[in-house]
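Heads up: the structure comes next, in structure tokens.
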Amino acid sequence: MKLKKEFFEFFSDIRIDTEANALREKREILVNDIKSKMPQILKDHDINITQSDIRTIDQGSYKYNTTIKSDVVDRDVAVIVSMCTDDMGDPRKFKSYLRDSIDIPSRTVSIKEPCVRASYHDHGIENLHIDLPLYAQIGSDFYLSRGKTNSSNYSWEDADPDGLNKYLCGKINGNDQLRRIICFIKKWRDEKYANANNDHEIPPSIGLTILACKLFSPQSDNEGDADLLALQKTMKAILNEFIVSKTITGEIMSAEISCPLPVRPYTDTFKKMKNSSDSYMIKFYNSLSRAVADLTDAINVESPHDAGVYVQKVLGNDFPIPQKEASYASTRNYREHSFG
Amino acid sequence: MSIREILESYDKITIDQEIVDGIFIFSLFGKQYLYIAPLEDNPSAMAVIFLYNDDGSDIPHIMLKEETFPGVDCIPQGKYRPVCLYEQESIVGAIMPYDAKVRDAIERLIELLSMNEIEKEREFQKEFMFYWNGNSDSHNTHNVYLDQNDSFSEFDVYYGNKSVRLVKRGIQLSDIDDRDKKGRIWTHHVENNAYYIPITDKRGILPPYRGHNWTTQTIKDIVYSEQIEHIDQHTFQVLKNTFPNTQNIIIVFGMELEKIHISFAVKIKCKNIRNHSLLEKIVDDTIDIEQLFTIRKDYYYLCEQIGNDCGLLGKNVLLIGGGSLGSYIAFELVKNGASNLKIYDGDNLEDVNVLRWAYGGIGKGSNKAIALTTMLKSIHPEINIVGINKNINQDSLLIELSFADMIVITVGSSNEQLNINRILVEAGCSIPVIYIWLEEGGINSHILFADYRHAGCFECLYTDIDGNLVNNRARKNTLSISETSIIRNGCGGTRASYGTAVLLRTTSVLLDTIHKFYDGQITQNVLIDISPNCVKISDTPFPMRECNCCGNKKDQSMY
Ligand SMILES: [Zn+2]
């Protein structure tokens with residue numbers, strides 16, 4: 001299969017395989033602040049929680065090792081507080097206690113629907129945020145605190161954060177090609193949605209990751225892993241998950257894809273996107289069809305150079321295009337091989 | 001096809017002007033270029049391209065210097081920057097058809113201009129030191145001495161006349177105390193702490209180039225990045241735990257580029273805040289930076305640059321015999337990574353020897369080991385040679401055995417060789433020992449590689465199948481050759497005749513043998529025969545079970 005070297009190179013260019021020092025330090029300070037300050041804040045609101053009742057676990061791409069370079073670093077750390085049912089109360093308030101425990105000038109703290117977000121700025125521009133989904137643990141059950149501060153839509157949602165980690169790590173760890181394919185799909189998404197105005201317009205990483213895990217098509221030949229083919233087949237399988245309705249003239253009226261969480265509460269990871277606008281789903285479908293078509297062309301053309309040009313349309317300008325064979329071969333014959 | 005037709009065959013190119021035959025100004029991707037076709041009557045000439053009236057700061061491989069063509073009236077006034085299309089001597093122009101040369105330059109230019117951001121970054125990084133030193137702010141050259149590339153280190157700083165030495169703590173430079181008429185050449189300065197920080201992920205790190213000088217923020221982004229971990233966690237911890245006691249600091253960054261390690265130094269001027277860690281100084285206290293002209297000069301690096309295999313690096317080699325063969329071998333060992341060498345030889349260098357002594361006439365009349373020491377030290381200040389002006393004896397050999405990692409024996413006398421062999425066998429020597437000797441006449445020579453933990457020793461060559469001592473069985477010369485190859489000086493003294501070819505030949509086989517040993521290719525003791533026509537494993541039976549020194553016979557005699 002073509003472009004093996006290029007896919008390998010591209011992967012090492014875009015991937016982030018360790019938590020950088022400054023990020024680790026900021027996360028550690030943040031987690032320490034939560035553990036040291038939150039118990040007192042809760043106590044002020046008559047909730048008795050000790051430091052040892054609070055634990056954090058990694059979530060998201062840093063946990064599954066599928067992080068890619070981006071303009072804003074996005075880190076997910078779940079905060080799990082052991083408590084009894086009586087302590088749970090209003091999830092919006094609970095989130096505000098978490099916010100209060102970390103609200104200092106070196107970071108900007110805001111409450112999002114599924115989490116509390118600590119943002120960091122460099123020269124006035126946000127370059128990092130750490131999202132903190134807040135879970136209540138009652139015995140062996142977990143509930144995610146949902147809802148914005150003043151929203152009427154709020155709840156403690158049944159959840160399984162450890163189970164989700166276990167599911168995804170089980171699929172991805174030890175499967176390097178799948179890991180790369182997830183990174184490539186996320187890179188494609190970032191390229192296509194670079195100018196998105198609205199977060200809900202963008203297919204969420206968790207949905208794409210779960211779909212890729214479920215529909216992954218491993219591909220290799222006697223020269224090793226064939227990432228181009230694996231990417232094309234996996235993206236095509238995702239495309240086939242769409243239910244599309246068209247007019248008689250072939251115009252797309254609606255497109256829909258669902259991907260439930262593999263653990264409780266089994267909710268659809270594309271729900272928000274779907275609920276926000278029909279056009280978002282249609283755009284997602286169209287971009288994905290375009291990508292599959294380009295990757296198919298890349299597989300079918302003979303020249304690696306031309307194939308690289310097609311892949312660039314999918315993965316962006318940073319994908320390396322091999323030299324045209326003609327110029328390469330002609331120059332190679334005149335290479336210097338002696339020295340003195 | 002004419003040159004014009006070739007240029008016109010590229011639809012991206014528009015010819016703006018044909019100045020004279022073979023010289024054009026054309027436009028490509030929004031910029032103008034001067035194209036000078038290769039001269040047809042010079043087979044090795046290649047095309048040359050200049051960027052016209054543009055600083056080209058966003059394109060890699062554009063030379064910093066500007067050229068005008070004052071003497072050439074026909075070329076329009078303006079600034080021209082050469083585009084580096086070819087790595088030095090990378091193309092054999094002489095064998096390339098003329099049309100292909102014309103095209104090749106154009107295609108290289110198009111490729112250069114079509115690079116994506118990551119490819120550009122790589123190209124800029126390839127010429128990192130060129131850009132770094134071209135944009136340096138300092139008058140002094142900063143010479144860096146390290147003995148590795150991968151871990152944080154501290155330097156001692158020495159100032160000389162026009163250059164500064166940054167010497168990793170622990171590295172001894174033999175000339176650091178040298179004096180000239182004005183006094184010490186190098187003075188130890190303590191006003192700037194200096195550190196080496198290895199960069200493990202170089203993504204996004206570009207050299208300074210026109211309009212893009214490094215700032216305090218660049219340094220901060222390297223050590224304290226939120227996304228790409230440019231320095232590893234261990235180094236980061238060390239930065240937190242290191243407390244400089246000077247206000248300003250010098251940092252030498254190290255980075256690997258396609259198997260080449262580069263280092264570049266920067267002076268960081270800081271606010272005067274006490275008790276701040278190195279990390280805090282870099283992240284919080286930095287006011288200004290100065291890019292320092294940097295050259296890495298250590299022995300380790302120079303070995304790496306020429307592709308020396310690292311087997312000999314850092315090893316202590318004992319060289320017994322500094323005569324003709326010893327002098328050639330000493331020189332080559334030092335150039336191949338053995339910077340710690342001890343040489344034993346009791347002889348003086350006489351006129352009659354100088355034509356086959358590696359250093360010619362230098363050191364005439366003085367002891368050979370001492371003369372070698374002086375000469376070898378001049379190769380590099382990290383080279384540590386000890387010359388002993390006597391022949392090795394049992395006591396000194398046993399003492400050396402505990403320091404050496406390898407013994408190379410170049411004495412030619414069978415008595416001495418056999419004696420040394422006995423001592424080493426009885427001492428249970430566990431380091432590799434290599435015997436090298438020449439036969440008279442300059443035709444045949446031999447190398448015996450012996451690791452005494454395996455079967456076979458030097459005395460095996462002097463033992464027949466009955467266990468009797470005989471003369472060296474490895475010998476290829478016939479008696480008549482040996483008779484004609486002895487030169488008598490009339491006073492009962494004799495000299496074997498041979499020229500330097502056999503010395504060079506034997507020395508090169510020794511280097512190959514050492515390389516093979518460190519590469520794990522030599523797993524048993526081996527005798528090698530060397531002649532002008534061939535180098536081969538000897539057909540002389542070896543080892544000998546009947547050897548009185550190492551073989552069965554010795555074991556039997558114990559009963
Ligand atoms: Zn023996």
Side-chain angles (χ1 to χ4, degrees), chain A residues 6 9-27 61-62 67-75 119-123 126-130 305 308-309 312 315-324 326-340, chain B residues 10 44 46 85-97 99-101 103-112 114-122 200-204 217 220-240 279 282-283 306-307:
Chain A
E6 285 73 18
E9 225 177 83
F10 182 63
F11 181 63
S12 39
D13 285 333
I14 61 167
R15 86 172 307 209
I16 301 294
D17 60 353
T18 37
E19 185 181 21
N21 294 306
L23 172 56
R24 190 183 57 252
E25 217 175 54
K26 289 188 166 124
R27 174 181 57 77
S61 68
Y62 276 88
T67 311
I68 58 171
K69 268 197 292 195
S70 59
D71 296 337
V72 181
V73 178
D74 175 7
R75 184 79 174 84
S119 308
Y120 299 79
H121 297 76
D122 194 21
H123 296 93
E126 186 194 48
N127 63 341
L128 159 70
H129 58 242
I130 302 178
H305 172 84
V309 173
Q312 243 192 21
L315 296 178
N317 280 335
D318 288 346
F319 190 85
I321 296 180
Q323 265 185 4
K324 277 192 182 146
S327 62
Y328 174 66
S330 68
T331 313
R332 194 174 46 179
N333 294 335
Y334 308 116
R335 271 255 134 107
E336 180 67 89
H337 292 297
S338 56
F339 44 88
Chain B
Y10 293 90
S44 61
M46 298 299 281
L85 295 172
Y86 300 94
E87 288 173 56
Q88 215 178 3
E89 293 176 8
S90 64
I91 293 292
V92 189
I95 58 170
M96 215 166 169
D99 272 21
K101 285 189 204 177
R103 257 174 223 290
D104 187 60
I106 297 290
E107 273 168 26
R108 282 167 186 266
L109 180 67
I110 291 174
E111 205 187 307
L112 196 65
S114 319
M115 278 192 250
N116 66 34
E117 289 307 310
I118 289 178
E119 286 162 334
K120 271 190 202 170
E121 178 180 309
R122 245 174 240 142
T200 44
D201 191 332
K202 60 176 184 286
R203 281 182 288 172
Q217 187 64 35
K220 203 168 138 178
D221 287 342
I222 292 175
V223 300
Y224 201 67
S225 148
E226 270 122 6
Q227 182 148 235
I228 295 175
E229 189 171 72
H230 296 297
I231 62 167
D232 68 22
Q233 203 176 333
H234 175 76
T235 307
F236 184 74
Q237 279 307 324
V238 179
L239 297 188
K240 282 171 92 172
L279 183 69
I282 295 171
V283 175
I306 63 161

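Just so it is clear: chains get the letters A, B, ... in the order the sequence lines come, proteins before strands, and each one is counted from 1.
Of the atoms belonging to B:Asp232, it is backbone heavy atoms, and not side-chain ones, that fall under 4.5 Å from chain A. Contact annotation for A:Phe319: only backbone heavy atoms (N, CA, C, O) come within less than 4.5 Å of a heavy atom of chain B. Contacts between A:Gln312 and chain B at a heavy-atom distance below 4.5 Å involve the side chain alone, from C-beta outward. Only the side chain of B:Gln217 comes within less than 4.5 Å of a heavy atom in chain A; its backbone stays farther off. Contact of A:Lys26 with chain B is made through the side chain alone, with heavy-atom distances under 4.5 Å. For B:Glu119, the part lying under 4.5 angstrom from a heavy atom of chain A is the side chain only. When heavy atoms are compared at a cutoff of 4.5 Å, A:Ser70 approaches chain B by way of both its backbone and its side chain. With a 4.5 angstrom heavy-atom cutoff, B:Lys101 does not touch chain A via any of its atoms.
Here B:Asp104 pairs with B:Arg108 in a salt bridge; the nearest charged N to carboxylate O distance falls below 4.0 Å. B:Glu226 and A:Arg24 are not joined by a salt bridge, as no carboxylate oxygen comes within less than 4.0 angstrom of a charged side-chain nitrogen. Between B:Arg122 and A:Asp13 there is a salt bridge, with a side-chain nitrogen of the basic residue lying less than 4.0 Å from a carboxylate oxygen of the acidic one.
Minimum interatomic distance between B:Glu229 and B:Asp201 (heavy atoms only, all atoms of both residues): O-CB, 3.3 Å. Among all heavy-atom pairs drawn from B:Met46 and B:Met96, the shortest one is CE-SD, 4.0 Å. A:Thr18 and A:Tyr62 make their closest contact through O-CE2, 4.1 Å (heavy atoms, listed as atom of the first residue, atom of the second, distance). Nearest heavy atom pair, residue B:Ile228 against residue A:Lys69, reads CD1-CD, 3.8 Å.
If you tally non-hydrogen atom pairs under 4.5 Å between each of B:Glu121, B:Gln237, B:His230, B:Arg203 and chain A, the highest count goes to B:Arg203. For the set A:Asp122, A:Val73, A:Ile321, the entry with the most heavy-atom pairs within less than 4.5 Å of chain B is A:Val73.
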